[in-house]
Amino acid sequence: MEPELIADYACVTGEGPLWHPLERKLYWCDIPNGRLFRYDPATGVHEMCFEYPEAIGGFTVQADGALLLFMARGAVKIWREGKLETVIAEIPEERDSRFNDVIADPQGRVFCGTMSTRERLGRLYRLDTDGSLRVVIEGVGTSNGMGFTPDRKGMYYTDTRAHKIYLFDYDQAGGEISNRRVFVHVPEEEGEGHPDGMTVDAAGNVWSARWDGGCLVQYDPHGVELQRFAFPAKKVSSVTFGGPDYTEIYVTTAFGHRKEIDGPGAGALFRLNLGIQGVPEFFSRVQVN
């Protein structure tokens, strides 16, 4: 099946597609340009709804419908009705870095990764609902896509630079992760690319975007590849399920500023309708003063 082009804003790093169940719209961002977009499948209208002078690495939907933005320098802000409110001004150790992919867990905490710098590797943090922040993983190449197993006992975590998707034991009550093992090791071969953003469908299959691989790959719960879908862009960056019944797959791509090299679909938002059932992502429930 050919992916359907939904919107092309020539994003440098189109990322973080996320279905907003209260608005019934899809949001996504252009990380380095600080742009946030939304798409209404009921009307076919898409628009840029926000622009900020610093990077937006990722975001979650709060239980009240606001967006929790994870930004440059470790900043976290609430975006509600066009207005920003600061939750965390910065993380001193991340002043030369930024957040990348993030995900809310079943209790409303947020796992949020930061990029590596020249001086040190990246980290994975956990932002708890009371607003406290703690490091849960050190020494990450490129912190990226995450997801939970249907029984909520496991959490997937992608390190793009390591070419690996890991699986952790996950304790829903306390939010702890442990017992890391490799779920998928993407071959370091020409054309395979690197694992980037990901999501998990209702059957427990993992969908992984391939940066520099030009495709979206579906794995079964044992890490066996089931199928892959090609896109007219080398850098396929992230994926999520959306639509009123969560059967629409939305995919972002990157490097829209150099389509002549990375393909005509670089920097765009695409949709696949495969009849595969997805599940809603969890709301974040971080307290804001």
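Everything numeric in this text was worked out from a predicted model, so none of it was measured.
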Interatomic distance, I91 atom CD1 to T114 atom OG1 [nearest 0.5 angstrom]: 7.0 Å
Going through the checks in order, is the side chain to side chain contact (heavy atoms under 4.5 Å, CB included) test met by I31 and N100? CA-CA 8 Å; I31 292 178; N100 198 37; 3.8 Å; yes
Quick one, F50 and I56 - any side-chain contact, counting heavy atoms below 4.5 Å? yes
Are E4 and R271 close enough for a salt bridge, meaning some N to O gap below 4.0 Å? yes
Linked, directly or transitively: V182 and M155 (ILVMFWY side chains, under 4.5 Å): yes
G16 and S238: which non-hydrogen atoms are nearest, and at how many Å? N-CB, 4.0 Å
From S132 atom OG to Q287 atom CD, the distance as rounded to the nearest 0.5 Å: 9.5 Å
Identify whether the distance between the nearest side-chain nitrogen and carboxylate oxygen of K77 and E54 falls below 4.0 Å. no
Would you say that more than 12 heavy atoms from the other residues, nucleotides or ligands in this model lie under 6.0 Å from the CD of E188, or not? yes
Any donor and acceptor pair, going by atom type alone, linking the side chain of D201 with main-chain N or O of N205 inside 3.5 Å? yes
Could you tell me whether a side-chain N or O of D262 sits under 3.5 Å from a main-chain N or O of F255, the two making a donor and an acceptor? no
Heavy atoms, side chains only, cut-off 4.5 Å: are L69 and L84 in contact? yes
Verify the neighbour count for atom CZ of R24: are there more than 12 heavy atoms of other residues, nucleotides or ligands below 6.0 Å? no
Indicate yes or no for a side-chain donor-acceptor contact from T158 to the backbone of G145 under 3.5 Å, with no hydrogens or angles considered. yes
Test side chain to side chain contact (heavy atoms under 4.5 Å, CB included) on M115 and T142; report intermediate values, then the result. CA-CA 6 Å; M115 300 291 287; T142 302; 4.0 Å; yes
Hey, what do you get for CD (E90) to CD1 (I88), rounding to the nearest 0.5 Å? 11.0 Å
Are side-chain N/O atoms of T60 and S284 paired as donor and acceptor at under 3.5 Å? yes
Quick check on the hydrophobic clustering: are V186 and Y166 connected, directly or via other members, by side-chain heavy-atom contacts under 4.5 Å? no
Let's go through N144 and T160 carefully: what are the C-alpha distance in whole Å and the side-chain angles of both, what is the deciding distance for side chain to side chain donor-acceptor pair (under 3.5 Å) to 0.1 Å, and is it a yes or a no? CA-CA 6 Å; N144 232 311; T160 298; 2.8 Å; yes
CD of E190: more than 12 outside heavy atoms within 6.0 angstrom? no
For the residue pair A104 and F282, what are the closest heavy atoms and their distance? CB-O, 3.4 Å
Is there a side-chain contact between I276 and F241 in this structure, where contact means two heavy atoms from C-beta onward sitting under 4.5 Å apart? yes
Can L274 be reached from V279 by stepping across I, L, V, M, F, W or Y side chains whose heavy atoms are under 4.5 Å apart? no
L272 vs L216, side chain to side chain contact (heavy atoms under 4.5 Å, CB included): CA-CA, chis, key distance, verdict: CA-CA 10 Å; L272 287 171; L216 176 68; 4.1 Å; yes
Which class fits the ring pair Y27 and H20: parallel under 30°, tilted 30 to 60°, perpendicular over 60°? tilted
Can you tell whether the side chains of R285 and D130 come within less than 4.0 Å, N to carboxylate O? no
Verdict with supporting geometry, L121 and R161, side chain to side chain contact (heavy atoms under 4.5 Å, CB included): CA-CA 11 Å; L121 293 172; R161 192 180 298 182; 3.9 Å; yes
I'd like to know whether R80 forms a salt bridge (Lys or Arg N to Asp or Glu O under 4.0 Å) with D64, so could you lay out the CA-CA distance, the side-chain angles of the two residues, the decisive distance to 0.1 Å, and finally the verdict. CA-CA 10 Å; R80 182 187 288 109; D64 66 358; 2.9 Å; yes
Charged N to carboxylate O below 4.0 Å: is that the case for R120 and E138? no
Which of these passes side-chain contact (heavy atoms from CB on, under 4.5 Å) with V286: I78, L127, V76? L127
Could R180 and F168 be counted as a cation-pi pair, given that NZ or CZ must be under 6.0 Å from the ring centre and within 45° of the axis? no
Cluster overlap V87 with M71, hydrophobic side-chain contacts below 4.5 Å: no
Side chain to side chain, K83 and E85, heavy atoms closer than 4.5 Å: no
Please work out which of the three classes, parallel, tilted or perpendicular, describes the rings of F270 and F231, given edges at 30° and 60°. perpendicular
D196 with R210: basic N within carboxylate O range, under 4.0 Å: no
Within-4.5 Å side-chain heavy-atom neighbours: Y219 and F183: yes
Verify the cluster assignment for Y52 and W79: are they in a single hydrophobic cluster under the rule of side-chain heavy atoms below 4.5 Å apart? yes
Please determine which of K235, H194, K234 meets the side-chain hydrogen bond (donor to acceptor under 3.5 Å, both in side chains) test together with D212. K235
Could you pull out the closest heavy-atom pair between V236 and A209, with the gap in Å? O-CB, 3.4 Å
Yes or no on side chain to side chain donor-acceptor pair (under 3.5 Å) for S143 and Y157, after CA distance, side-chain angles and deciding distance? CA-CA 8 Å; S143 186; Y157 177 62; 2.6 Å; yes
Side chains of L26 and L269: does their closest heavy-atom pair fall under 4.5 Å? yes
Side chain to side chain, K153 and F148, heavy atoms closer than 4.5 Å: no
Closest contact, heavy atoms only, C11 versus F37: SG-CE1, 3.6 Å
N-O pairing of D128 and R126 below 4.0 Å: yes
Do Q218 and E225 have side-chain atoms, one donor and one acceptor, less than 3.5 Å apart? no
Given 3.5 Å as the limit, does a donor-acceptor pair link the side chain of D220 with the main chain of V224, or not? yes
If we ignore angles and hydrogens, is there a donor and acceptor under 3.5 Å between the side chains of Q172 and Y170? no
Nearest non-hydrogen partners of S208 and P195, listed with the distance: OG-CB, 3.8 Å
Point-to-point distance, once rounded to the nearest 0.5 Å, from NZ of K25 to CG of L18: 14.5 Å
So, taking the atom named CG in L124 and the one named CD1 in I137, what distance separates them when rounded to the nearest 0.5 Å? 4.5 Å
Compute whether any side-chain donor of one residue and acceptor of the other, for S237 and T252, lie under 3.5 angstrom apart. yes
If we only count heavy atoms from C-beta on, is the M198 to Y156 side-chain gap below 4.5 Å? yes
Where R109 and A173 come nearest, the two heavy atoms and their spacing: NH2-O, 2.6 Å
Give a yes-or-no answer on whether the side chains of E94 and Y125 include a donor-acceptor pair shorter than 3.5 Å. yes
Do any N or O atoms from the side chain of T240 and from the backbone of T199 form a donor-acceptor pair under 3.5 angstrom? no
State the CZ-OG distance between R118 and S97, to the nearest 0.5 angstrom. 13.5 Å
Using 30° and 60° as the class limits, which term best fits the ring planes of Y9 and W28: parallel, tilted or perpendicular? tilted
